[in-house]
Amino acid sequence: MTIQSGRIGLLCAICSVMLEETNNIRKQSPIRRAIVKLDQKVANRIAAGEVIERPSAIVKELLENSIDASASKIEVFLSDGGKSLIQVKDNGWGMKKWELPLAVCRHATSKLVDNELTKVKTYGFRGEALPSIGASARLKIQSNLRDSDDSWKIFVDNGAIGNIKPSAINLGTVVEVRDLFVATPARLKFLKSDRSETQSIIDIFKKIALANPEIDFSLTDISTIDKAKLIADYKFYPKKNTNSTLVKDPLGEANSQRMKQVFGNDIFENLLPIKFSEPRMTISGYISLPTYSRSNSSHQYFFVNGRPVWDKQLLGALRASYSDFIMRGRYPVTVIFINCPPDLVDANVHPAKTEVRFHDYPSVRSSLISTIKEAIANANTKTSTAVSEKMMEAFKVSSHNQKLGSNIRWNKRTQTLSRKANSSQIHELDYQNALFSDISTKTFQDSSKELIEDSEIVGCDTDKDHDLPLGAPVAHVHQNYIIAQTSKGIIIVDQHAAHERIVYEELKTVWNKSLVTSQALLIPEIVELGEERVSVLLKFRADLDRLGVVLEPFGNKSICLRSLPAILGQVNGSMLVNDLADELLEHKDISVLEEKIEKIISKIACHGSVRSGRKLNPEEMTALLRKMEGTPYSNQCNHGRPTFVELKLTEIERLFERN
Ligand code: ADP
Ligand code: MG
């Protein structure tokens with residue numbers, strides 16, 4: 001959103017400047033003018049608009065330069081959202097005296113070997129950042145060539161390059177950017193408040209820090225001189241390493257420590273590792289459990305060969321991966337690293353290098369989706385553990401608990417609680433060690449009685465069920481929750497959520513086995529779409545046919561819609577075909593139809609599942625538990641709610657402070 005609106009704002013600014021200039025030219029004279037080469041300063045200023053949209057883009061470029069210079073420590077200072085000052089200090093290898101004026105010249109770079117764009121392994125390669133910054137602000141670069149006394153500085157004042165002078169710094173490079181866009185008020189106007197510019201800097205800083213865990217990073221706000229504010233301070237863990245290739249082990253310790261520094265210590269309880277490896281491509285990193293989601297996509301990080309990218313196609317693939325498990329409008333947290341040889345991906349799509357183009361995107365998409373789905377399928381225990389952690393927290397802080405606790409005084413008398421005796425299945429629950437005082441037991445006994453009357457206590461048939469992941473049912477409470485006992489603790493199942501997932505997966509299996517029935521329309525519908533959309537639909541005609549959408553060509557600009565999948569029921573065929581054409585043009589695959597059908601199946605599943613409120617008998621409960629164990633993704637319902645939680649004995653003991 002922010003990138004988008006930033007870009008739109010910038011475009012508007014550029015357009016208005018250009019319009020003004022065009023108008024002036026028109027007003028001045030209708031005389032034909034000869035072509036001349038643009039003045040270097042003007043050319044730089046025009047080009048700078050693409051690279052330097054806002055302060056965070058400068059921070060990104062400077063951080064990338066420091067990393068490319070093999071720095072192991074980078075410090076960033078900013079003032080007023082980066083508008084009045086951005087300073088980046090590194091301990092990298094520095095520059096020689098004669099290189100300084102070249103560094104601020106357009107298209108001068110040390111990073112392109114043999115002019116081979118397909119072999120780039122550094123962040124930079126376009127030689128545009130420093131000249132663009134120099135054209136838009138007051139730039140000062142000081143650099144010390146590693147292991148030498150050679151220290152020099154150069155100034156660029158809104159495009160005017162100054163002389164090289166000696167500098168006093170004795171390590172690395174310090175780049176200082178002051179008064180951004182002061183010389184171009186049209187662009188200055190489009191910057192947001194200091195707060196949102198700072199936030200944008202923090203976002204990009206975090207992304208780059210995540211991709212480079214072997215580097216120490218710090219970010220300090222010095223807007224108030226006497227009260228510098230350290231915003232982030234990330235240290236490399238566990239030991240220094242000088243290997244600075246972009247490709248690293250995303251599941252290694254350095255990475256997980258960096259993720260903890262960036263997201264906080266608790267994040268891992270809710271994350272699953274993912275790993276996919278092929279000779280020409282690896283996908284790895286972490287994704288959140290469907291039960292842990294956010295309300296926007298700002299916590300979805302993708303890195304392609306270590307480069308943070310914001311890529312609509314990758315975000316779309318992520319959405320498709322989770323569409324079965326998460327409600328629309330909720331977003332998982334992900335940190336995903338895709339690594340492949342540089343010739344398989346083009347990083348030179350956008351001047352700010354935030355977008356990439358894969359040569360074989362469909363295979364990246366399908367590998368990503370299957371890797372994510374597999375990780376979620378294998379995450380049963382993890383979900384319940386993460387949720388039970390939340391539950392433990394709730395127990396700890398519950399004021400109700402505290403009240404209850406203050407009412408109960410314990411003594412050494414044994415008391416067996418009353419229970420509802422109504423069938424041979426009643427299990428003799430042993431409360432031998434429940435000790436209550438005379439005064440307080442009344443309240444407790446009353447409330448337990450109510451609870452027990454609302455519940456069904458059942459026997460567990462076999463001890464062997466205890467060893468199964470979801471154990472043996474021992475009670476059914478509040479007409480929706482199954483309490484089961486396992487050898488390691490207690491499981492609480494939400495029967496409605498669990499059943500919903502089971503029905504959904506069963507329906508999907510039927511669907512996937514191509515038992516899709518197609519329903520012919522009474523009157524075939526002619527849909528006008530335009531040539532491009534017609535041709536993309538016809539290209540995927542066979543796939544669409546398999547999914548129950550039968551199309552025929554009808555002239556160049558229209559198609560004739562003959563049948564739709566019966567499972568969709570009454571739908572607006574023309575709208576569906578339009579959506580399909582859009583998706584096919586954008587993603588080049590038919591996931592939109594699959595997603596639509598999955599949504600419908602999900603709806604049916606929700607209606608067809610056991611509603612809460614229905615009492616289940618022990619056989620039904622056992623059957624449900626066993627079915628859950630055999631159903632993929634059964635740890636959460638179709639909306640991302642957990643279907644069961646597990647409380648381990650050790651946790652229960654912790655609750656009662658027994659350990
Ligand atoms: P690019 O990074 O695409 O090469 P830049 O304009 O960002 O273009 O930088 C130009 C050149 O200046 C780089 O190629 C590099 O040689 C040098 N340079 C920039 N920043 C640093 C730095 N922090 N340390 C050492 N060299 C740097
Ligand atoms: Mg650069």
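These numbers come from the heavy atoms of this one structure, side chains and all, not from hydrogens, waters or symmetry mates. Counting convention: from 1, in listed order, for ligands and their atoms alike.
Considering backbone and side-chain atoms together, Phe125 places an N or O closer than 3.5 Å to an N or O of ligand 1. When only interatomic distances are considered, the shortest N/O to N/O separation between Trp93 and ligand 1 does not fall below 3.5 Å. On a distance-only criterion, Met95 and ligand 1 share no N/O pair closer than 3.5 Å. Close N/O approach between Asp68 and ligand 1 is not found [any backbone or side-chain N/O within under 3.5 Å]. Polar contact with ligand 1: absent for Pro131 (N/O pair, distance under 3.5 Å).
Evaluation of the salt bridge (Lys or Arg N to Asp or Glu O under 4.0 Å) test over residues 220-236, restricted to residues two or more places apart or in two chains, returns Asp233-Lys235. Each salt bridge (Lys or Arg N to Asp or Glu O under 4.0 Å) pair with one or both residues in residues 156-169, not counting sequence neighbours, would appear here, but there are none.
Residues Asp360 and Ser363 bring a donor and an acceptor atom of their side chains to less than 3.5 Å of each other. A donor and an acceptor atom, one from each side chain of Ser151 and Ser167, are nowhere located under 3.5 Å apart. Side-chain contact, Arg294 with Ser288: no donor N or O sits under 3.5 Å from an acceptor N or O. For the residue pair Asp203 / Gln199, a side-chain donor-acceptor distance below 3.5 Å is found, with atom types taken as modelled.
Taking all heavy atoms of Thr109, Val174, Leu130, Leu145 into account, the minimum distance to atom 4 (O) of ligand 1 is reached by Thr109. Atom 11 (C) of ligand 1 has its nearest heavy-atom neighbour, among Cys105, Ala103, Gly172, in Ala103.
Taking 4.0 Å as the cut-off, Ala108 counts as a neighbour of ligand 1 on heavy-atom distance. For Gly127, the heavy-atom gap to ligand 1 drops under 4.0 angstrom.
With a heavy-atom cut-off of 4.0 Å, Glu61 does not touch ligand 1 at all. With a 4.0 Å heavy-atom cut-off, ligand 1 is reached by the backbone of Ser110 and by its side chain too. Of all the heavy atoms of Asp90, the ones lying under 4.0 Å from any atom of ligand 1 belong exclusively to the side chain.
For Phe337 and Phe303, the distance between ring centers is under 6.0 angstrom.
For ligand 1, the atoms lying closer than 4.0 Å to a non-hydrogen atom of Ala69 are 24 (N), 25 (C). Close approach to Gly124 involves these atoms of ligand 1, each under 4.0 Å from a residue heavy atom: 2 (O), 3 (O). Taking every heavy atom of Arg126 and a limit of under 4.0 angstrom, the matching atoms of ligand 1 come to 3 (O).
Checking each of Ile338, Leu344, Val356, Val345 against Asn305 for a side chain to side chain contact (heavy atoms under 4.5 Å, CB included) leaves exactly one that passes, namely Val345.
With salt bridges taken as basic N to acidic carboxylate O contacts below 4.0 Å, one links Lys111 and Asp68.
Here Asn65 reaches the Mg ion (ligand 2): one of its N/O/S atoms is less than 2.8 Å from the metal.
Around CZ of Arg357, the count of heavy atoms belonging to other residues, nucleotides or ligands within 6.0 Å does not exceed 12.
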